[in-house]
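Down below is the structure, laid out as structure tokens.
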There are 2 protein chains.
Amino acid sequence: MSEATYFILTALLDGPLHGYGIILRTGEQSAGRVRIAVATLYRTLDRLEEGGLVVADREEIVEGRTRRYYRITDDGIGALRAEAARLQQAVELVTRRIAVTGA
Amino acid sequence: MSEATYFILTALLDGPLHGYGIILRTGEQSAGRVRIAVATLYRTLDRLEEGGLVVADREEIVEGRTRRYYRITDDGIGALRAEAARLQQAVELVTRRIAVTGA
DNA sequence: GACGCATATATCCACTGTGGAGATATAGTC
DNA sequence: GACTATATCTCCACAGTGGATATATGCGTC
């Protein structure tokens, strides 16, 4: 799972969000360290929807602009859970050997 | 940093290793879950050497086959440390919200 | 009125990284 | 003789990334 995929799914954990909102949420959650390019975002969302990890929830029109909300599915949560566990093991592989600030 | 890069640097934490040894070590360290394709390995090693994160340590000839050992540099350790901290934060973003087995 | 910026979606295209496959070579096993 | 393990290297097709561009609304500035 790519970093973009991981952060998109993570952004959806607190509830459905639209594409642009996911970009903003990811920026907040990572303190500006991770930014997802729009091309990456929409293509990744398409792939996630195809794979059943997210579903298009509803569409809203806010100030003349369409917002399409995406919701994470149970499969999406499962995939994210598995990936987090995988990452945790990768982190431990390093922290077992060298000190890592903040870890 | 890609997963291949991360695991290659991690494999070198316990001391210099040659390419094929890195593949085997990564398999052991990840309980078979991560395997690095040879094409990815050697191209990634080239990139890491270019970037000063690893250096070619020495060459040995064992049973008629040449082994080229790579050693991780201080910069390499620094990069790995930073990446581990980054991953740790990504993991926490998820574990704060949902239970992750083994994390 | 023109311009830039934030919001919001979408696609084009060049670039990078990945990995299956093949090449080359030695040594041991079936 | 064929296959597997060890050991390096490269070719090439494929997938993902992201800057740029397009389209459109609304707001503040010049």
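Convention: sequence-line order gives letters A, B, ...; per-chain numbering from 1.
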Where along residues 36-64 of chain A does a heavy atom come under 4.0 Å from DNA chain C, residue by residue in number order?
A:Val38, A:Ala39, A:Tyr42
With the threshold set at under 4.0 Å for non-hydrogen atoms, list the residues of residues 8-26 of chain B touching DNA chain C in residue-number order.
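Contacting residues: none.
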Go through the structure and list residues passing side chain to side chain contact (heavy atoms under 4.5 Å, CB included) with [X], not counting sequence neighbours.
X       : result
B:Ala56 : B:Glu49, B:Arg68, B:Tyr70
B:Leu41 : B:Ile8, B:Ile22, B:Ile23, B:Ile36, B:Leu45
A:Ile77 : A:Leu13, A:Ile72, A:Arg81, B:Ile98
A:Arg71 : A:Pro16, A:Val55, A:Asp57

Does B:Gln29 have any side-chain hydrogen bond (donor to acceptor under 3.5 Å, both in side chains) partners at least two apart in sequence or in another chain, and if so, which?
none
Taking ILVMFWY side chains as joined if any heavy atoms are under 4.5 angstrom apart, and letting links pass through other members, which residues group with B:Val62?
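None, because no other hydrophobic side chain comes under 4.5 Å of this residue.
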So which pairs with a foot in residues 19-55 of chain A pass ring-ring contact (aromatic ring centres under 6.0 Å, His included), sequence neighbours left out?
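Of all non-adjacent pairs touching residues 19-55 of chain A, none passes ring-ring contact (aromatic ring centres under 6.0 Å, His included).
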Per the ring-ring contact (aromatic ring centres under 6.0 Å, His included) rule, what does the pair list look like for residues 71-99 of chain B, sequence neighbours excluded?
none
If you look only at pairs with a residue in residues 38-48 of chain A, which of them pass as a salt bridge (charged side-chain N to carboxylate O under 4.0 Å, His left out), with sequence neighbours excluded?
none
For DNA chain C, note the earliest and the latest nucleotide, 5' to 3', having some atom under 4.0 Å of a heavy atom belonging to chain B.
C:dG17 to C:dA27
OG1-CE distance between A:Thr44 and A:Met1, expressed to the nearest 0.5 angstrom
11.0 Å
